[in-house]
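Note sheet for the following structure.
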Amino acid sequence: MDSAAPDPDRRQFLRLGFQGGVAAGGALVLAGLAGCSARPTHDPMIPATTGAPGRRWYFMTEEDRVVMAALLPAIVGSGMPQEAEARNSALSNTLVAMDQAFHAMGPPNQRQFRQLFDLLESSITRLTLARVSSYWPNVSGDQAEAFLQRWRGSMFDVFNRAYLGLVQVSNAAWYGQSTHWEQMGYPGPPAYTYDALPQMQRASA
């Protein structure tokens, strides 16, 4: 375990999460545990979290993908397919798009999201900060929605920003796929863009 003190952002995140008068020293101890605690072993929540054999993931670990596979249905809402195969395909494609988005971010944003995922994946901070009692593969849609709404409506700005970060990247990854444009009433790029740029011309049917 790294004995270095946790960075200020993590200390702030942990301190603000405890509303029952936890002492600062106790918060720092929990911050250290959050960084080195063993994560539970588990079967992947769904095939979408593992990806195709040989898939290169640039930023997201399998644990990250399990967390987002639990949260994406609550974030996307009614747009998420209900049929298992279509749902897994939609989740898998969105996780790939999210991974690419994280990979394209600068180091400061990557560090922030890495800290956020680490906190959500630690059993200690998942229970105390997210108030999610089940491990992510077992989280129901209602539990995921309740977690998101708690952070969205929290009196602490740090949780509001964490909520916005997760939702913004998720929505960008979801609606950035042409198969989901219809859900937001977007008909796709104007036809003249394909005429003007040969490389964008639609493939023949």
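- Among all heavy-atom pairs drawn from M60 and W57, the shortest one is O-CB, 3.6 Å.
- R126 places a side-chain N or O within donor-acceptor distance of the main-chain N or O of S134, the cut-off being under 3.5 Å.
- With rounding to the nearest 0.5 angstrom, the OH atom of Y175 is 11.0 Å from the OG atom of S170.
- With contacts defined as side-chain heavy-atom distances shorter than 4.5 Å, the pair L71/W136 qualifies.
- Inter-residue side-chain proximity for N160 and F156 is flagged as unmet; no heavy-atom pair is nearer than 4.5 Å.
- For the pair R56/Y58, a side-chain contact is recorded, criterion being any heavy-atom separation below 4.5 Å from C-beta on.
- To the nearest 0.5 Å, atom CD of residue E63 and atom CZ of residue F117 are 11.5 Å apart.
- A donor-acceptor pair under 3.5 Å is absent between the side-chain atoms of R152 and the main chain of Y163, judged by distance alone.
- Heavy atoms from other residues, nucleotides or ligands lying under 6.0 Å from CD of E83 number more than 12.
- Using a 4.0 Å cut-off between charged side-chain N and carboxylate O, D99 and R65 make no salt bridge.
- Between T94 and M68 there is no side-chain heavy-atom pair separated by less than 4.5 Å.
- In this structure, the side chain of S89 does not engage the main chain of E85 through any donor-acceptor pair within 3.5 Å.
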request  = Show the numbers, then the answer: is there a side-chain contact (heavy atoms from CB on, under 4.5 Å) between L129 and L120?
outcome  = CA-CA 8 Å; L129 300 186; L120 291 176; over 6 Å; no

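- Side-chain heavy atoms closer than 4.5 Å link hydrophobic residues (I, L, V, M, F, W, Y) into clusters, and following such links, possibly through other members, connects M98 to M105.
- Note that CG of N171 is 9.0 Å distant from CG of L72, once rounded to the nearest 0.5 Å.
- Note that the CG atom of L116 and the CD atom of E121 stand 9.0 Å from one another [nearest 0.5 Å].
- Counting heavy atoms from C-beta outward, T61 and R114 have side chains that approach closer than 4.5 Å.
- Counting all heavy atoms, side chain and backbone alike, L127 lies closest to S133 at CD2-CA, 3.6 Å.
- Between W174 and G79, the shortest heavy-atom distance links the atoms CZ2-O, 3.5 Å.
- Note that CD of Q112 and CD of Q110 are 11.5 Å apart. Values are rounded to the nearest 0.5 Å.
- Ring centers of F102 and F113: under 6.0 Å apart, within the cut-off.
- The distance from atom CG of L95 to atom CD of Q100, rounded to the nearest 0.5 Å, is 11.0 Å.
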request  = Under the side-chain contact (heavy atoms from CB on, under 4.5 Å) rule, what do V132 and Q143 come out as? Steps first, then yes or no, please.
outcome  = CA-CA 7 Å; V132 175; Q143 289 174 319; 5.6 Å; no

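- In this structure a side-chain-to-backbone donor-acceptor pair under 3.5 Å is missing from Q168 to L166.
- Residues R87 and P73 form a side-chain contact, since some pair of their non-hydrogen atoms from C-beta on lies under 4.5 Å apart.
- Nearest heavy atoms, A173 versus A97: CB-CB, 3.7 Å.
- Considering every non-hydrogen atom in both A74 and G141, the closest pair reads CB-O, 4.4 Å.
- Side chains of L164 and V167 form no contact here, defined as non-hydrogen atoms less than 4.5 Å apart.
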